Undergrad: 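Take a look at this one; I'll ask things after.
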There are 4 protein chains.
Amino acid sequence: MKKYDIIETATRLFATQGFDGTTTLQIAREAKVTEPLIYYHFEGKDDLFNHIIRNGFEAYFTRLESLNQKTTTQFEKIEKLFTLHFDFIKERPDEIYLVVSACPAKLKDAKHVCTQKLDKQRKWIASYLRKCIKEGIASGEFKKMPVSETVTMLLAFISGIIRQRTLKLESRRGMKKAVVEFCRRSMVR
Amino acid sequence: MKKYDIIETATRLFATQGFDGTTTLQIAREAKVTEPLIYYHFEGKDDLFNHIIRNGFEAYFTRLESLNQKTTTQFEKIEKLFTLHFDFIKERPDEIYLVVSACPAKLKDAKHVCTQKLDKQRKWIASYLRKCIKEGIASGEFKKMPVSETVTMLLAFISGIIRQRTLKLESRRGMKKAVVEFCRRSMVR
Amino acid sequence: MKKYDIIETATRLFATQGFDGTTTLQIAREAKVTEPLIYYHFEGKDDLFNHIIRNGFEAYFTRLESLNQKTTTQFEKIEKLFTLHFDFIKERPDEIYLVVSACPAKLKDAKHVCTQKLDKQRKWIASYLRKCIKEGIASGEFKKMPVSETVTMLLAFISGIIRQRTLKLESRRGMKKAVVEFCRRSMVR
Amino acid sequence: MKKYDIIETATRLFATQGFDGTTTLQIAREAKVTEPLIYYHFEGKDDLFNHIIRNGFEAYFTRLESLNQKTTTQFEKIEKLFTLHFDFIKERPDEIYLVVSACPAKLKDAKHVCTQKLDKQRKWIASYLRKCIKEGIASGEFKKMPVSETVTMLLAFISGIIRQRTLKLESRRGMKKAVVEFCRRSMVR
DNA sequence: GATGAATGAGTGTTCATTCAT
DNA sequence: TATGAATGAACACTCATTCAT
């Protein structure tokens with residue numbers, strides 16, 4: 001359906017050019033539809049953008065939820081979190097970029113869907129990591145380390161990796177293993 | 001001089017709203033000058049942006065160069081790299097954000113000053129880190145680890161930290177120490 | 001259609017005020033449309049101007065082509081050329097003015113549609129006149145005269161007449177007859 | 001003096017690009033002065049333009065006045081009028097172009113110096129030619145012809161020649177002779 | 001005479017959006 | 001669903017002009 005052509009094209013363009021750098025005409029042309037059709041399916045450019053963000057976060061959260069499965073060690077849980085992001089980057093590079101790195105301009109508005117979803121995501125991951133680290137330390141699996149700071153740091157780490165990969169600033173293979181091993185050495189006793 | 005008001009205002013606005021999300025009228029108003037004055041001092045919006053980017057990178061590179069001083073251990077050199085970035089974030093948050101995270105849209109043009117400077121920066125840091133890690137491993141200071149992948153990873157790490165701090169996604173104190181200790185545990189034997 | 005209102009208005013304004021002296025806003029207002037509509041139908045002010053020039057020349061060339069009909073004498077052919085121009089001036093004064101007298105500024109660019117069409121027009125008429133004069137001299141209809149110089153001179157004559165009439169510098173009746181008789185006395189044996 | 005550099009440059013630019021197509025900045029740059037200097041010497045762009053027009057017409061009228069010398073025949077007087085224009089074209093091509101072909105846009109204002117001077121020029125030449133032709137016919141030197149129409153026609157002729165020569169649409173030598181002979185054959189008995 | 005800095009009023013152009021069909 | 005035609009508001013940028021020095 002043409003609606004999905006619009007979404008697909010818009011996602012790609014928003015991710016590569018930013019929200020303000022993308023025009024509705026460009027979306028229409030590249031999706032091979034006319035501009036008014038965008039307004040038939042969406043209330044406007046903002047609505048289209050928010051729809052994409054919401055969609056992206058939904059897929060993303062679905063995957064996040066699936067992390068809460070049994071694993072033998074805490075580090076395996078952290079490793080899975082990295083794996084999830086590396087996989088998502090490969091499969092839906094534009095979406096993850098928008099989801100994690102979305103329009104700085106939008107983040108000025110605390111009530112914007114971007115800000116709220118990003119906040120939710122950060123809180124979710126933070127809580128996930130905090131639990132892992134705390135339990136890891138308690139069980140003696142992990143070395144001693146400041147919990148909150150390590151959590152924040154790992155969040156920055158993840159977002160930096162996503163940015164780099166989606167901007168194709170590097171394409172080194174073996175990155176995932178390097179990242180995981182780096183963390184393992186640092187964390188696991 | 002009013003020229004510097006323009007630069008200062010533009011730097012702030014470009015960093016918080018992006019290039020496309022910032023209008024010349026807005027820059028003029030917030031800098032308390034008239035729009036044509038921007039065009040008196042710069043050739044256009046692009047020129048103003050590039051001027052800021054070039055300025056930012058110049059200050060940044062000057063600091064980077066100063067890293068090549070004697071230090072007793074390789075890890076100290078890496079620690080200094082982190083310190084430099086944390087300091088720069090504090091002093092000139094907008095500039096470092098623009099310098100490290102600049103306009104994704106601009107990076108599509110390989111010849112753009114953004115792309116070229118960013119490339120130079122990444123190469124400089126990569127080379128700096130590679131040398132540290134190689135020598136650290138050779139001297140037995142560091143554990144064994146894949147050099148290139150670790151370098152790329154650390155680059156992502158730095159960019160992630162900058163993004164997070166300038167977007168004020170967190171403001172935890174003790175971050176720097178946590179980051180350095182995290183890396184130390186992972187790397188130093 | 002409003003597109004034709006734009007063309008009509010623009011033709012009139014370009015002819016009376018010149019290209020640079022006419023603003024798109026003025027065209028829009030006098031055509032009773034909004035400015036962006038000009039940009040919906042044309043790529044820009046230049047495109048609109050070129051469209052008019054091309055249209056004008058097309059109508060003009062169509063008439064020129066129709067000159068190649070049988071006539072008993074060579075002078076009749078020359079007379080017809082004058083008649084054609086006097087008629088065109090009456091019917092489409094703005095267009096002929098733009099076509100023959102178009103924007104001196106545009107003529108600096110050899111590749112501009114104005115320059116090329118004007119060149120084509122001059123060559124067409126020159127060739128037409130050269131043939132007439134040569135044959136007229138050969139057949140004894142015409143007095144002896146330098147062919148090329150006379151051709152150039154007649155071209156200047158035509159362009160001068162057009163300029164004068166469209167600028168309404170005079171409105172004397174009987175001009176056409178006077179011109180034709182002037183030439184006849186000079187040329188015909 | 002720099003004032004004359006301004007005048008010279010402005011004359012050239014107005015003649016080749018038109019009044020509206022020429023900016024004060026361009027004049028300043030090409031005359032190697034700064035913009036405010038133009039405003040020191042002239043009241044504004046319009047004043048500069050009018051100054052040039054007035055200057056041009058003054059030089060032109062001075063020459064026209066000198067035509068009233070004794071000549072044996074009426075046709076010689078007409079020949080001298082052509083010679084004067086051909087000479088002026090060679091010596092001061094920009095000025096004569098501005099003087100004879102000046103800004104159509106300006107001619108909409110009947111009180112503008114352009115309109116008034118042009119009118120004066122046309123009336124002067126018309127009166128000069130009318131007298132010549134009348135006397136020529138009366139004395140039997142000229143063939144019979146309608147006086148007013150021939151006068152208007154010759155005016156158009158002159159303006160067409162000037163336009164052609166200054167736009168360099170042709171560069172044929174022998175033009176002057178051809179023109180004069182063309183007229184002689186037509187007029188002289 | 002001469003200039004660097006500055007501006008009010010506009011210029012061509014683009015944008016997201018709407019309307020009639 | 002889908003579109004050709006149209007628009008209000010804004011955009012980057014330029015212009016002739018002025019002012020302080």
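Within every chain, numbering begins at 1; the chains are lettered A, B, ... in the order of the sequence lines, protein sequences first and strands thereafter. No experiment lies behind these values; they were computed from the predicted model shown. Just so it is clear, the values below take in all heavy atoms, side chains as well, and ignore hydrogens, waters and symmetry mates.
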Undergrad: Rounding to an integer number of Å, can you tell me how far B:Phe14 CZ sits from F:dA12 C1'?
TA: 12 Å

Undergrad: Looking at C:Asn55, C:Ile53, C:Ile52, which hits side-chain contact (heavy atoms from CB on, under 4.5 Å) with C:Thr11?
TA: C:Ile52

Undergrad: Please confirm whether the backbone N or O of B:Ile27 pairs with a side-chain atom of B:Thr9, one donor and one acceptor, at under 3.5 Å?
TA: no

Undergrad: By nearest heavy atom, map D:Asp46 and C:Lys3 onto DNA chain F; which one lands nearer the 5' end?
TA: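 It is C:Lys3, whose closest nucleotide lies nearer the 5' terminus.
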
Undergrad: Once you round it to whole Å, what is the distance between C1' of F:dG4 and CZ of A:Arg29?
TA: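 So the two atoms are 14 Å apart, to the nearest Å.
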
Undergrad: What's the closest nucleotide to the C:Leu37 side chain, out of F:dA6, E:dG12, E:dT3?
TA: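 Nearest to the side chain of C:Leu37 among the choices is F:dA6.
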
Undergrad: Counting Watson-Crick and G-U wobble pairs only, both distances under 3.5 Å, name the nucleotide matched with F:dC11, or none.
TA: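 Paired with E:dG12.
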
Undergrad: Roughly how many Å is it from CE in B:Met1 to C1' in E:dG4, rounded to a whole number?
TA: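 Spelled out: CE on B:Met1 to C1' on E:dG4 is 9 Å.
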
Undergrad: Using atom CD1 of D:Ile38 as one end and atom C1' of F:dT18 as the other, report the distance to the nearest whole Å.
TA: 14 Å

Undergrad: So does A:Tyr40 get a side-chain nitrogen or oxygen closer than 4.0 Å to the phosphate oxygens (OP1/OP2) of F:dA2?
TA: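 Result: no.
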
Undergrad: Is any side-chain N of the basic residue among C:Asp20 and C:Lys45 closer than 4.0 Å to the acidic one's carboxylate O?
TA: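 No.
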
Undergrad: Taking atom CD of D:Glu91 as the centre, report whether more than 12 heavy atoms of other residues, nucleotides or ligands fall under 6.0 Å from it.
TA: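 Count over threshold, so yes.
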
Undergrad: Name the residue closer to the 5' end of DNA chain F, choosing between B:Thr23 and C:Lys32 according to the nucleotide with the nearest heavy atom.
TA: C:Lys32

Undergrad: With the side chain of D:Tyr39 defined as its heavy atoms from C-beta on, choose the nearest nucleotide among F:dA16, F:dC13, E:dT3.
TA: F:dA16

Undergrad: What's the closest nucleotide to the B:Lys2 side chain, out of E:dT7, F:dA5, E:dA2?
TA: E:dT7

Undergrad: A:Thr24 near the nucleic acid: base, sugar-phosphate alone, or nothing, with a heavy-atom cut-off under 4.0 Å?
TA: base

Undergrad: If I compare all heavy atoms of A:Ala28 with all of A:Thr34, which pair ends up nearest, and what's the gap?
TA: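 Closest heavy-atom pair between A:Ala28 and A:Thr34: CB-C, 3.8 Å.
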
Undergrad: Could you check which of F:dA12, E:dG1, E:dT14 has an atom nearest any side-chain atom of C:Pro36?
TA: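 Looking only at heavy atoms from C-beta outward on C:Pro36, the closest nucleotide is E:dT14.
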
Undergrad: With the threshold set at 4.0 Å, does a side-chain nitrogen-carboxylate oxygen contact exist between C:Arg12 and C:Glu30?
TA: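 Yes, this pair counts.
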
Undergrad: Take atom CD1 of B:Ile27 and atom P of F:dC13, then tell me their distance rounded to the nearest Å.
TA: 10 Å

Undergrad: Using whole Å, what does the distance between atom P of nucleotide E:dT13 and atom NZ of B:Lys45 come to?
TA: 19 Å

Undergrad: Between E:dG1 and F:dT21, how far apart are the C1' atoms? Round to whole Å, please.
TA: 13 Å

Undergrad: OP1 or OP2 of E:dA6 sitting under 4.0 Å from any side-chain N/O of B:His41?
TA: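 Result: yes.
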
Undergrad: Nearest to the B:Glu35 side chain among E:dT13, F:dA12, F:dA5, which nucleotide is it?
TA: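 Ranking E:dT13, F:dA12, F:dA5 by closest atom to the B:Glu35 side chain puts F:dA12 first.
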
Undergrad: Distance check needed: F:dT18 C1' versus D:Phe42 CZ, whole Å only.
TA: 18 Å

Undergrad: Grab the CD1-C1' distance between C:Ile6 and E:dG12 for me, whole Å please.
TA: 15 Å

Undergrad: Measuring to OP1 and OP2 of E:dA2, would you say a side-chain N or O of D:Thr34 lies under 4.0 angstrom away?
TA: no

Undergrad: Starting from the 5' end of DNA chain E, give me the residue, B:Val33 or C:Gly44, whose nearest nucleotide shows up first.
TA: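 It is B:Val33 whose nearest nucleotide is closer to the 5' end.
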
Undergrad: Find the partner of E:dT21: check Watson-Crick (N1-N3 plus N6-O4 or O6-N4) and G-U wobble (N1-O2, O6-N3) distances, both under 3.5 Å, and reply none if neither fits.
TA: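 By the stated definition (distances under 3.5 Å), F:dA2 pairs with E:dT21.
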
